[in-house]
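To start, the structure under review is shown below, and the notes come after it.
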Amino acid sequence: MEYLIGIQGPDFVLVAADNVAASSIIQMKHDYDKMFKLSEKILLLCVGEAGDTVQFAEYIQKNVQLYKMRNGYELSPAAAANFTRKNLADYLRSRTPYHVNLLLAGYDDTDGPGLFYMDYLSSLAKAPFAAHGYGRFILNLPSFTVRLIDKEGIHDLEKLTLGAK
Amino acid sequence: MALEDICSFNDTPVYHKWSSASAFEGTASSFHMTDYYSIGSRRPKTCETTCDVPLHFFIPALPNSAPFDRRHSSPFSPADHSVTVHRPFPLSHGTTTLGFAFQGGVIAAADTRASAGGLVACPAVHKVTPIHSHLVVTSSGSGADCMLWERILTREIRLYQLRHRQRLSIRGTAKLLSFMLHPFKGTDVCVALTLCGWDKEVGGTGCAKRSQDSSSLTGNSSSAAVSRQDVTAAVCSASPNSGPKVIYVCSDGARLQGDIISVGSGSPYAYGVLDRGLRWNLSKEEAISLAREAVFRATHRDAYSGNSVDLFHITAQGWKQRQREDLKEEYYRDMERKAKIVEERKRVTEVKAPK
């Protein structure tokens, strides 16, 4: 399944996506890029239904670039995220909703780093960490208990918690 | 074009169709057309200036579109029910097609069986069709849809060439096709085309020296093959704007560029053979025999692929078609080979046994 993850740091956002483009059971490409550069400081990660992802992401990408050409300055990440969400919402109750899950990561010169989670029902949330795919379940869990089994038996290791440090 | 007559394009002017289409609340086509304008494709601008039918090709014959209704004067059925013609047989996309790029160009191959459920409807179908001198398309999915869309693509590419005095690149062709198919997403249109072609260089920059990178892709190229490659180093490997291209376009909306693409029910078997034997540094004969072997193995195991294999080889000079080969011969040769191996093994064990 397609997987996106994003983590916001003090002055950066780190995002990663898998590279597989699959068609039912066949992996057709192992080097597929799911990130779309909206501007110098904004990145859109997009997964979902086959044609919808590229069509929607490219539409957003071109519109953000058009904004810069028209107005001379770039959209902020929050504005870009809201623009994206509005488009998703507009198409949601049409005959052709876009089934895409998105992460928008950007750096605003005044507000700092920002990570925005959007899903196909056009929800939008600014979050310090977010993921799409099977990985999102792992991110929701606050901590992990770890045990090690070796020839001596079962050992309890230190609990892993998210963001403890 | 004859096709236009059948699809009744010439019955009414398109803008009239436009306004009548949009008058029917909820026709899928009119809604999608506005998407196109807002998506801002460059096409409408040029079309408006150079011809009077801006989105002529966007409204091929839908089963319940307005012109049909008016012509047959049947009660109008709203298009949003997406009533489609029911097929008399279940559709299974039985085929094996493949395309891959290597140092000597692009190979496109496919079997020739058209199946309708469990029936072999036709054992000698053309699944690989030339679009222009440097582009060939392999088709999979519904045979009728593929034939129609190949013709539409040929027409649009030719129109582009006439309007702009240069040929559209393969990537541009794939994008154009993908955009044309987008309105039909969610309907029963089932088209999975692999565009295999060679882009001519536009600028004078020539081939990027990607032969180093591409041989690292292959991993197990022998030194002998590498030295052969150096001799023909003028070949363009997959640089962004020229050279061999294999792009997969599907009616679901997927558009994938890659070095190896195989589509159809026999594609898992073909991928197995190709992933094992494919290197960038193959010679033309090796590549052709690899493609034949891949299709043969797929037709051997897949019930919906079979009969013969069509092979096209595309280079900077254009496409060349190999003669269609009946895979029955290949099967008998394979059986003989296996029989020989069994005999050999028996002889060896008999020699050992008397001890």
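Just so we're on the same page: letters track the sequence lines, and every chain starts at 1.
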ask   = Does A:M28 reach the side chain of B:Y271, with side-chain heavy atoms less than 4.5 Å apart?
value = yes

query = Just by distance, do the side chain of A:K29 and the backbone of B:L256 share a donor-acceptor pair under 3.5 Å?
reply = no

query = Hey, are the side chains of B:H182 and A:D52 touching, using non-hydrogen atoms and a 4.5 Å cut-off?
reply = yes

inquiry  = What part of B:S251 gets within 4.5 angstrom of chain A, counting heavy atoms only: side chain, backbone, both, or neither?
reply    = neither

task = Would you mind reporting whether A:E58 and B:K175 have side-chain heavy atoms less than 4.5 Å apart?
result = yes

Side-chain touch A:E49/B:D252, heavy atoms, less than 4.5 angstrom = no

key: Pairs involving residues 116-135 of chain A, ordered by first then second residue, that meet salt bridge (charged side-chain N to carboxylate O under 4.0 Å, His left out) (sequence neighbours left out)   = none

message = Would you say CZ of A:F83 has more than 12 non-hydrogen atoms from neighbouring residues, nucleotides or ligands within 6.0 angstrom?
response = yes

request  = Please step through side chain to side chain contact (heavy atoms under 4.5 Å, CB included) for the pair B:K185 and A:T96, ending with a clear verdict.
outcome  = CA-CA 9 Å; B:K185 191 172 152 89; A:T96 55; over 6 Å; no

